[in-house]
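Step one of this worksheet: look at the structure below.
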There are 2 protein chains.
Amino acid sequence: MGVNIKDVAMQAGVSPSTVSRVIANHPRISQETRDRVRLIMKEMDYHPNAIARSLVKRSSEVIGLLIPSTIEQFYLNPFFPEVLRGITQVAQHAGYDIFLSTALHGLNDVDRLEKLIRSKRVDGMILLTSRTTDPLLELVTELRIPSVLIGRPFNSLPISWINNDNRLAAHDMTQHLIRMGHRRIGYIGGSQELVVSLDRLRGYSDALSEADLKLDPQCIVSGEFLEDVGYSGMMRLLALAERPTAVVASDDVLAFGAMRAAGELGYSIPDDLAIVGFNDIPLAKLSNPPMTTVNVNIYELGVQATHLLLDEIQGSVRGPKHQIIEHQLVIRRSCGAWDPLTQLQGEESKSK
Amino acid sequence: MGVNIKDVAMQAGVSPSTVSRVIANHPRISQETRDRVRLIMKEMDYHPNAIARSLVKRSSEVIGLLIPSTIEQFYLNPFFPEVLRGITQVAQHAGYDIFLSTALHGLNDVDRLEKLIRSKRVDGMILLTSRTTDPLLELVTELRIPSVLIGRPFNSLPISWINNDNRLAAHDMTQHLIRMGHRRIGYIGGSQELVVSLDRLRGYSDALSEADLKLDPQCIVSGEFLEDVGYSGMMRLLALAERPTAVVASDDVLAFGAMRAAGELGYSIPDDLAIVGFNDIPLAKLSNPPMTTVNVNIYELGVQATHLLLDEIQGSVRGPKHQIIEHQLVIRRSCGAWDPLTQLQGEESKSK
DNA sequence: TTGTAAGCGTTATCAC
DNA sequence: GTGATAACGCTTACAA
């Protein structure tokens, strides 16, 4: 049905190889034939078959993205579209397409990933999270497929990664609350299996001990990165005999849930309770009051991850590379540290 | 490097065709050889090359998703991840993967789409929006590739689609405001090129004329589905000599922006101003006050679109099919019609 | 500068 | 039941 390279060749009175060379912009081809073949291609409305091309070139110009199987958590968190936006931006520019691995219902993540890679449909992988024990990470290093992790491996593994300094960010944010006079600070975190959760928790606890505040396990709750978890976590914290006066949530979505809980119970933020989040998702500035959070530059994480991956695919790097993306504390009103002067300079004040 | 079907065949002492049949679960194959081949496949850690398979079968078991070129607008609106969630859920179950078309920076949408389809990398397409004149829609019908539109074609085209009754939904929502006593109601809409915008605007205007309220063009502003547009749109409405007492935003993201503008100017919602949105994104219930909106069942749109597409790909349907997904008004507090009684029954009250 | 021919790793069509 | 063999549409030595 479709017109193929042979048809074009025949029509142009050349061989298929010549057509192929024209497509590939091969240098040693006469301007005349090049023009003629191009014309015929247009006339016949020829489009190369990418599948056939991939088969012989053993590369697909496609980047794979593995969506963790905890699929709802992922899609409901605005982190995902934002990092995807960064990834597509760079991929698009380089002529790469993106493959979302989702097939094979019932198989576990490892098998899904192995199948995706071994089926040769992608040239490289971007992994969107890392866990303390992470078979996916082990698999990609074992299969030696170009890959980049957004996050950091818990154990040392030969894989490239892009990350924030999550410990430092959480430390700075907690310290900010301490400096504002808070002495009892709660923490609502994501799943303890996720490395990012541990790093942020560590920063929180580091800041407390630096200030000679004791770490009370009662003040720490954790679950998935879901709004409901923030909600119920906050309920628990507020039910404590000795209530915290400030709460660090390790994700804006958690902070939203926390604010909702506090609001329903009649607490006023930030007067009765300071709440801060993490990530600076687009809606963080729209909450009421606007949320103090950490801008981790999600988009930039996606961008740099893709650059790193493309470098690796194109063989221009040897060995894994790492990169830390800057973060900024974004002080808005939910922490109670709103300085009207800064409002004159812009909509929000960024420190660090 | 990788082990292929020939290697397996040799090792198992059979022909490649036999191995292929084992993979395909061909019925006429002896249990004995089947078991032996399976064993060898495991031992050699063989994984079929999907590319080679696609080439000969002329199908990829991949669904294409075209991201409109106004990429930011898309990613920043939670509609996207939510519909993607529905799509992946069904695709995954059917063993299909998802391809996000993003490549070919600089080419326009039409060329991108044509290239994607003609390159044979996808078996079918899901289109995420429709415009009043939409070359993409024309292209997919012309190329006769299985496709489903989420939305509806503006002009009659032989394409399957899934949609809400957007006119009715906007009508009902506007009517709801009218019944609450509002006589001057503003409208903040998405781009006029989008069919969904027109349908919702139509519902709004229908409701007004049914109530013998005149349609004032001054009261209607439109732009992209971006928070900023809601913000500036609201500013404009509030600057009118005769201010509206209620505003219908044709998207929750617009409504968020509208609420932000009203908040900054010191209006209290819903006391001074009622604001309602559209779509019921996850964060709508978290706004302050919680947002009255229309639940259009985004996830379900994705699910049904994919079902329809798979039916079409698998050839089990002839001719385009259409389907309307139910919507529900979700009455929260931003419209001022909060009935404390309903709070006892659940977190929100749904009518219709 | 261009053509010939041998793959790339599968599946499908015949035979036997 | 199983095995040759010919596609699928393209790229790339190797020749010319």
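Just so you know, these numbers come straight off a predicted model, no measurement behind them. First the proteins, then the strands, lettered A, B, ... as listed; each starts at 1.
When the P atom of dA12(C) is taken as reference, atom CG of Leu55(B) falls 12 Å away, rounded to whole Å. Taking atom CD1 of residue Ile29(B) and atom P of nucleotide dT11(C), one finds them 12 Å apart after rounding to whole Å. Summarising the geometry, the separation between NZ on Lys6(B) and P on dA6(D) is reported as 13 Å, rounded to the nearest angstrom. Between the P atom of dT11(D) and the NE2 atom of His26(A) lies a distance of 13 Å, rounded to the nearest Å. Per the geometry, CG belonging to Asn49(B) stands 14 Å off C1' belonging to dC10(D), to the nearest Å. Rounded to whole Å, the distance from NZ on Lys57(B) to P on dA6(D) is 22 Å. Straight-line distance from the CD1 atom of Ile5(A) to the P atom of dC8(D): 14 Å, rounded to whole Å. Between the CE atom of Met10(A) and the P atom of dG3(C) there is a distance of 12 Å, rounded to whole Å.
Distances shown here put a side-chain N or O of Arg58(B) below 4.0 Å from the OP1 or OP2 atom of dG9(D). For Ser30(B) and dT2(D), the shortest distance from a side-chain N or O to OP1 or OP2 is below 4.0 Å. For the pair Arg21(A) and dG3(C), the criterion of a side-chain N or O lying under 4.0 Å from OP1 or OP2 is not met. Listed pair Thr18(A) / dG3(C) meets the phosphate criterion, a side-chain N or O lying under 4.0 Å from OP1 or OP2.
The closest side-chain donor-acceptor pair between Asp35(A) and Gln31(A) falls under 3.5 angstrom.
In this structure, the nucleotide among dC10(D), dA4(D), dT10(C) sitting nearest to the side chain of Arg53(B) is dT10(C).
Few gaps surround CE on Met44(A); more than 12 heavy atoms of other groups in view lie less than 6.0 Å from it.
The minimum heavy-atom distance linking Thr306(A) with Ala91(A) is given by the pair CG2-N, 3.9 Å.
Below 30°, between 30° and 60°, or above 60°: for Trp161(A) and His322(A) the angle between ring planes is below 30°, a parallel geometry.
Among the atoms of the strands shown, none is found under 4.0 Å from any heavy atom of Ser54(B). Note on Arg28(A): a base of the nucleic acid sits closer than 4.0 angstrom, heavy atoms only. Using a 4.0 Å heavy-atom criterion, one finds that Ser20(A) contacts the bases of the nucleic acid, with or without backbone contacts as well. When heavy atoms are screened at a 4.0 angstrom cut-off, Ser17(B) is found touching base atoms of the nucleic acid.
A salt bridge between Arg121(A) and Asp97(B) is present, with a side-chain N of the basic residue lying under 4.0 Å from a carboxylate O of the acidic one.
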